[in-house]
Amino acid sequence: MKKILKITGITLLALIILAFGAFYTWSRFTYGPSEALKKQMNIEQVDHKNGVYSFEASKSDTGIILYPGAKVEPLAYAYLGNALMKKGYSVFIPDMPFSFAIFNTKKADDILKSHPAIKHWYIGGHSLGGTAAAMYAEKNQSKLDGLFFLASYPASDDLKQASLQVLSISGEKDGLATREKIKKSKKQLPSQTVYHEIKGGNHAQFGMYGKQKGDQPADIPVLTQQKDIVQTMLEWVKPAKKLP
C-alpha cells in the first residue's frame with residue numbers, strides 16, 4: 001500500500017511539474033510593442049524601476065495605474081502612458097508575474113506607497129488587466145478616485161454599490177470583450193459608470209502590439225483608436241493639478 005501511495009505521489013508531482021512547465025513556456029510567448037509604436041516614441045527611454053514603467057508628469061497630483069492585458073508586455077501601452085503624461089498625469093504600468101495581472105492584483109499598493117505626494121489615484125487595465133484592477137478596487141475604494149476598463153469588465157458584482165467613478169471603454173469590432181459581454185457586465189457596475197464604444201475599434205488596439213488571436217480586424221488605424229482612448233479618459237478623469 002505504501003509503495004502504491006509513493007508511486008501515486010511521485011506521478012502527481014511529475015504531472016504538476018509538467019503542467020507548470022507547459023504554462024510557463026506558454027506564458028513566455030508575449031505580445032510586445034509593435035513597430036508602429038516604436039515609430040511614435042523611443043520606448044527604450046521609458047523609466048523602469050522596481051518592476052514598473054513610469055511616465056511621470058512634473059509635480060502632478062494625480063496618478064493613473066494601468067494593468068496590462070494577459071500576456072501583453074507593459075510597454076505595449078507606452079503611447080497611452082506618454083500621451084496622458086503630456087496632459088499632466090503620472091502614469092504607471094507594472095510588470096506582472098508570468099505576464100498575468102491576476103497573479104498580483106495588489107501591485108498597485110507598491111506604486112501608491114512609493115508616490116505619497118500623489119493624492120488622487122485612478123486604476124484600471126486592459127482585458128484581464130482590467131478585471132485584476134477591479135479586484136484591487138473592490139477592496140481599496142478609499143484609496144482611489146476612479147476605476148477604468150479598457151475592453152474589460154469585472155469578475156463579480158461587488159462594485160455594484162461602489163461610489164467610485166467608473167469608465168468602460170470598448171471596441172465595436174472587439175472579438176474578445178464583445179459587445180454582448182460588455183452589455184452583460186453593466187449589471188455588475190454602479191449606475192454612475194460612463195460607457196464609451198470606439199467605432200471600428202478592436203481588442204488589440206487598446207495597446208500597440210499588433211494582431212491578437214481571437215480578435216476581429218479593426219476598421220480604424222491603431223493611432224486613431226489610441227487617440228480616442230486618451231481623449232475619452234481625459235474627459236472622464238478630474239483635471240490634473242500641479243503640486244506646490
Side-chain angles (χ1 to χ4, degrees), residues 24 27-28 30-34 37-38 40-152 164 167 169 206-209 226 229-230 233-234 237-238 240 242-243:
Y24 179 79
S27 71
R28 294 301 86 194
T30 55
Y31 296 100
S34 66
L37 173 56
K38 293 176 183 178
Q40 291 298 314
M41 60 181 292
N42 187 349
I43 60 175
E44 293 182 1
Q45 293 185 349
V46 178
D47 184 65
H48 185 229
K49 295 178 182 176
N50 301 317
V52 179
Y53 289 92
S54 302
F55 303 79
E56 295 192 55
S58 177
K59 297 183 178 180
S60 174
D61 74 337
T62 306
I64 297 174
I65 300 171
L66 195 165
Y67 282 1
K71 298 180 67 178
V72 182
E73 297 176 18
L75 278 177
Y77 305 96
Y79 182 90
L80 297 179
N82 192 56
L84 290 167
M85 178 189 70
K86 289 179 178 179
K87 295 297 183 179
Y89 299 92
S90 289
V91 182
F92 307 91
I93 310 175
D95 294 316
M96 287 296 182
F98 307 107
S99 298
F100 281 84
I102 206 77
F103 290 143
N104 191 5
T105 60
K106 296 181 180 180
K107 181 67 176 180
D109 278 336
D110 297 334
I111 299 172
L112 267 65
K113 290 176 182 177
S114 60
H115 296 83
I118 295 179
K119 303 303 180 184
H120 301 282
W121 287 99
Y122 295 81
I123 190 172
H126 174 219
S127 196
L128 189 60
T131 303
M135 292 178 179
Y136 178 83
E138 288 166 8
K139 299 179 180 179
N140 296 277
Q141 293 186 43
S142 62
K143 301 177 183 179
L144 305 169
D145 286 51
L147 168 68
F148 63 93
F149 296 94
L150 305 180
S152 182
L164 289 170
L167 171 67
I169 307 179
F206 277 90
M208 291 184 72
Y209 53 86
Q226 291 281 294
I229 296 165
V230 171
M233 290 190 67
L234 289 174
V237 298
K238 64 177 285 296
K242 285 193 173 183
L243 298 168

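Just so you know, these numbers come straight off a predicted model, no measurement behind them. Numbering of residues begins at 1 and proceeds along the displayed sequence.
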Practice task
Given side-chain contact (heavy atoms from CB on, under 4.5 Å), test Met233 with Ile64 step by step and report yes or no.
Solution key: CA-CA 10 Å; Met233 290 190 67; Ile64 297 174; 4.3 Å; yes

Handout entry: For Tyr53, ring pair (Phe, Tyr, Trp, His ring centres under 6.0 Å) partners two or more places apart
Key = His48

Handout entry: Distance-minimising heavy-atom pair for Val230 and Leu84
Key = CG1-CD2, 4.2 Å

Practice task
Could you tell me whether a side-chain N or O of Ser99 sits under 3.5 Å from a main-chain N or O of Val72, the two making a donor and an acceptor?
Solution key: no

Practice task
Could you tell me the separation between the CG atom of Leu234 and the NZ atom of Lys87, rounded to the nearest 0.5 Å?
Solution key: 6.5 Å

Exercise for the section: Check whether any side-chain heavy atom of Glu56 sits under 4.5 Å from a side-chain heavy atom of His115, and report yes or no. Expected result: yes

Exercise for the section: For the residue pair Val91 and Leu80, establish whether any side-chain heavy-atom pair is separated by less than 4.5 Å. Expected result: no

Exercise for the section: Specify the closest pair of heavy atoms between Gly146 and Leu164, including all atoms of both residues, with the distance to one decimal. Expected result: N-CD2, 4.0 Å

Completion exercise
Between the OG atom in Ser54 and the CD1 atom in Ile93, the distance rounded to the nearest 0.5 Å is 9.0 Å

Problem - side-chain contact (heavy atoms from CB on, under 4.5 Å) evaluation trace for Asp47 with Val52 - result: CA-CA 8 Å; Asp47 184 65; Val52 179; over 6 Å; no

Problem - Heavy-atom donor-acceptor pair, Ser60 side chain to Gly88 backbone, under 3.5 Å - result: yes

Exercise for the section: Measure up the Phe103 and Phe98 rings against each other and bin them: parallel (under 30°), tilted (30 to 60°), perpendicular (over 60°). Expected result: perpendicular

Practice task
Answer yes or no: is there a donor N or O on one side and an acceptor on the other, between the side chain of Thr105 and the main chain of Ile102, under 3.5 Å?
Solution key: no

Exercise for the section: Start with the C-alpha distance between Thr131 and Met135, add both sets of side-chain angles, then the distance that settles side-chain contact (heavy atoms from CB on, under 4.5 Å), and finish with yes or no. Expected result: CA-CA 6 Å; Thr131 303; Met135 292 178 179; 4.1 Å; yes

Practice task
Before accepting this row, confirm whether a basic side-chain N of the pair Lys238/Asp61 lies closer than 4.0 Å to the acidic partner's carboxylate O.
Solution key: yes

Exercise for the section: Assess the side chains of Asn104 and Lys107: does a donor N or O sit below 3.5 Å from an acceptor N or O? Expected result: no

Handout entry: Contact list for residues 116-138, test ring pair (Phe, Tyr, Trp, His ring centres under 6.0 Å), sequence neighbours left out
Key = Tyr77-His126, Phe92-Trp121, Tyr122-Trp236, His126-His203, His126-Phe206

Fill in the blank from the handout: Of all heavy-atom pairs linking Pro33 and Leu75, the shortest is CG-CB, 3.6 Å

Exercise for the section: Report, as yes or no, whether the 6.0 Å neighbourhood of atom CG on Asn42 holds more than 12 heavy atoms from other residues, nucleotides or ligands. Expected result: yes

Handout entry: From CA spacing to verdict: side-chain contact (heavy atoms from CB on, under 4.5 Å), Tyr209, Leu37
Key = CA-CA 8 Å; Tyr209 53 86; Leu37 173 56; over 6 Å; no

Handout entry: Side-chain heavy atoms of Ile118 within contact of Ser90, under 4.5 Å
Key = yes

Handout entry: Ile229 and Leu150, any side-chain heavy atoms less than 4.5 Å apart
Key = yes

Problem - Pairwise distance CD1(Ile123) to CG(Asn140) - rounded to 0.5 angstrom - result: 8.0 Å

Handout entry: 4.5 Å side-chain heavy-atom contact, Pro68 and Glu73
Key = no

Completion exercise
Minimal heavy-atom distance between Ile43 and Ala78, with the atoms involved, is CG2-CB, 4.2 Å

Completion exercise
All heavy atoms of Pro74 vs all of Pro94, minimum pair found to be CG-O, 3.5 Å

Problem - CG on Asp110 to NZ on Lys113, rounded to 0.5 Å - result: 6.5 Å

Problem - Set of residues satisfying salt bridge (Lys or Arg N to Asp or Glu O under 4.0 Å) with respect to Lys38, sequence neighbours excluded - result: Glu35

Problem - Exercise: identify the closest heavy-atom pair between Ile65 and Phe148 - result: O-CZ, 3.6 Å

